[in-house]
Amino acid sequence: MSVTTTPLSISPMTGVLGAEITGVDLSSDLDDGTIAAIRQALCDHHVLVFRSQDLSPERQLAFGRRFGELDTHPFVHGNAEHPEILDVVTEPDDRINFGGGWHTDVTFLPEPDMGSILYAVDVPPSGGDTLFANQHAAYDALSDTMRSMLDGLVAVHTASHQYGEGGTSTLSKAMKTRNPELSATRVEHPVIRTHPESGRKGLYVNRAFTTGIKGLTSEESRAMLTFLFRHGVKEAFTCRLVWEPGTLAMWDNRSVQHYALHDYAGHRRVMRRITVKGDRPV
Ligand code: SIN
């Protein structure tokens, strides 16, 4: 067993998910024990928040690589110098912001990214918070009958509504998208996903990318997804992160959905996102 040389102090943000972690400087070379403790905390709390971090792009990349290989976004241009970095920018006159709806990152990929690591560079004077929803809690709250109906169902995911020609995410002024012709590719994932590290089951559908459930008529599928989209993000399963410059958040895409609120028109918001590659959901 590895030894933790940096003791983490973990303060849960709500009763259901999220924890603020203190006692660790993410710009330093962390030992394996500390990384293992952060990974365990991520499994336990799903969203980790580290305040007052002074992180260059290079140090953020180095931290992310401790959790696995980093991904590049297939439909959004990455940073020119570091393609694995997505500069998540909202200009004062943007009418939408990146991630402005409930979603789980890149579920349109056969192997969606396991985690995302977002660093706040510049935030509006107020607003621009990010909401998270715990999909294990959402699953646990379903009746036994509903759970057994959903177990074994397979959903279809595609990026076309977001990244196809005229898609919602192509309307941002600040963030340039690409490859709209590839966005229609459909992938299949289980409706209920088992977390590969904790073994817990969770809902694995999201409004941005899930378009249907196999084996149901389109009417049945729409009704079921409408219910699941609302159920998965009920207030009781959520936490809300208020950013400050220097805040870093890391979330587990295998167990949460998130939503970047756009309630700060007239102000700029600049974040730096990296994502860690994941495995095929089962
Ligand atoms: C995202 O969906 O990754 C963006 C989250 C945010 O900007 O708060």
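In listed order, ligands and their atoms are each counted from 1. For the numbers below, each heavy atom of this structure counts, side chains included, while hydrogens, waters and symmetry mates do not.
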**Q.** ligand 1 atoms in contact with Ala260 (distance to a heavy atom under 4.0 Å)
**A.** 5 (C), 6 (C), 7 (O), 8 (O)

Q) Is Arg273 reaching over with its side chain to a backbone N or O of Leu86, donor-acceptor style, under 3.5 angstrom? A) no

**Q.** Numbered atoms of ligand 1 (with element) below 4.0 Å of Leu118, judged on heavy atoms
**A.** 5 (C), 6 (C), 7 (O), 8 (O)

(Q) Tell me the contacting part of Trp102 for ligand 1: side chain, backbone, both, or neither, using a 4.0 Å heavy-atom threshold, strictly below. (A) neither

Q: Mark up the atoms of ligand 1 that fall under 4.0 Å of a heavy atom belonging to Trp251, in ascending order.
A: 3 (O)

Q. Is a side-chain donor-acceptor pair under 3.5 Å present for Ser148 with Asp151?
A. no

Q) Which one holds for Asn97 and ligand 1: side chain close, backbone close, both close, or neither close, with close meaning a heavy atom under 4.0 Å? A) neither

Q: Could you tell me whether Arg269 and ligand 1 have an N or O pair separated by under 3.5 Å?
A: yes

**Q.** Distance-only donor-acceptor check, side chains Tyr259 and Thr238, under 3.5 Å
**A.** no

Q: Heavy-atom contacts with Gly99 under 4.0 Å: which atoms of ligand 1 show up? List them by number with element.
A: 2 (O)

**Q.** For atom 1 (C) of ligand 1, the protein heavy atom that lies nearest, with its residue and separation
**A.** His258 NE2, 3.5 Å

Q) Same cluster or not: are Val16 and Val47 linked, directly or through other Ile, Leu, Val, Met, Phe, Trp or Tyr residues, by side-chain heavy atoms under 4.5 angstrom apart? A) yes

Q: Only heavy atoms count here, so choose which of His262, Arg273, His73 is nearest to atom 3 (O) of ligand 1.
A: Arg273

Q) Looking at side-chain heavy atoms only, is the closest gap between Asp87 and Arg272 below 4.5 Å? A) yes

**Q.** Asp105 side chain to Thr275 side chain, donor-acceptor N/O pair below 3.5 angstrom
**A.** no

Q) Which atoms of ligand 1 have any heavy atom of His103 under 4.0 Å away? A) 2 (O)

Q. Which residue supplies the protein heavy atom nearest to atom 8 (O) of ligand 1, what is that atom called, and how far is it?
A. Thr130 OG1, 2.5 Å

Q) Between the side chain of Gln135 and the main-chain N/O of Asn253, is any donor-acceptor distance below 3.5 Å? A) no

Q. Is the Lys NZ or Arg CZ of Arg39 less than 6.0 Å from the centre of Phe67's six-membered ring, within 45° of the axis?
A. no

